Amino acid sequence: MPVAQKTELDDIAIDRIIEMAWEDRTPFDAITFQFGLAEADVKALMKKELKFSSYKLWRKRVENCKTKHTAKRVEGIDRFKSNLQRAISNNKISKR
């Protein structure tokens, strides 16, 4: 199902999804948890929003990255974010 039909995303949400997709340590499960987008939906969004050359670089990076897929991760890593990252709840950064 295309991203636009599944849910309406505003520019801020799209920017955050792209940022999370580029991060090596953020698995697709985290994006699914926060935004309800499956891996295929994220790939379609990235292809739509990025330049083609950037999309190709991202796909190559994702294919070789073991931390983007929870099943391929090293045992013991069971969190979506770094311990040093500020608390994020439903994509809203908590105020200090």
Side-chain angles (χ1 to χ4, degrees):
M1 180 180 298
V3 175
Q5 291 178 359
K6 193 166 194 169
T7 180
E8 289 296 322
L9 299 170
D10 60 359
D11 290 338
I12 295 170
I14 290 171
D15 287 345
R16 181 65 183 137
I17 292 167
I18 291 171
E19 181 182 355
M20 291 174 76
W22 270 106
E23 294 171 349
D24 289 338
R25 294 196 58 133
T26 304
F28 287 110
D29 291 344
I31 298 171
T32 302
F33 178 76
Q34 287 189 0
F35 297 99
L37 298 178
E39 182 178 342
D41 297 328
V42 174
K43 289 176 183 175
L45 177 78
M46 296 292 278
K47 190 171 189 174
K48 179 183 161 209
E49 296 293 326
L50 298 178
K51 294 186 298 184
F52 185 69
S53 59
S54 298
Y55 173 75
K56 282 180 23 179
L57 288 172
W58 175 76
R59 286 290 292 137
K60 184 176 180 181
R61 183 174 173 164
V62 167
E63 288 175 9
N64 296 323
C65 186
K66 294 179 181 171
T67 57
K68 288 303 281 185
H69 300 89
T70 307
K72 294 181 181 179
R73 284 185 143 191
V74 176
E75 200 170 314
I77 298 177
D78 57 354
R79 61 189 186 279
F80 290 149
K81 61 182 181 184
S82 167
N83 290 335
L84 302 175
Q85 184 178 5
R86 281 194 260 165
I88 297 177
S89 173
N90 292 328
N91 200 32
K92 294 180 181 171
I93 298 175
S94 300
K95 295 182 179 177
R96 295 182 189 238

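All values below come from the heavy atoms of this structure, side chains included, with hydrogens, waters and symmetry mates left out. All values derive from a computational prediction rather than experimental measurement.
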Once you round to the nearest 0.5 Å, how far does [atom1] of [X] lie from [atom2] of [Y]?
| X | Y | atom1 | atom2 | result |
| --- | --- | --- | --- | --- |
| Leu9 | Ile17 | CG | CD1 | 4.5 Å |
| Trp22 | Leu57 | CH2 | CG | 5.5 Å |
| Glu49 | Ile18 | CD | CD1 | 5.0 Å |

Which atom names give the shortest non-hydrogen contact between [X] and [Y], and what distance separates them?
| X | Y | result |
| --- | --- | --- |
| Val42 | Ala21 | CG1-CB, 4.1 Å |
| Thr26 | Met20 | CB-O, 3.5 Å |
| Lys43 | Tyr55 | O-CE1, 3.5 Å |
| Asp10 | Ala13 | OD1-N, 2.9 Å |

Inset, instruction - May I ask you to test the Thr32-Glu39 pair for a side-chain heavy-atom distance under 4.5 Å? - result: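 No, every pair of side-chain atoms sits at 4.5 Å or beyond.
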
Legend entry - Contact check, side chains of Arg16 and Glu19, non-hydrogen atoms, under 4.5 Å: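 Yes, their side chains come closer than 4.5 Å.
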
Inset, instruction - Tell me, yes or no, whether the heavy-atom count around Asn64 atom CG, taken from other residues, nucleotides or ligands under 6.0 Å, exceeds 12. - result: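 Yes.
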
Inset, instruction - Taking Trp58 for its side chain and Leu50 for its backbone only, find out whether a donor-acceptor pair lies under 3.5 Å. - result: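 Answer holds: no.
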
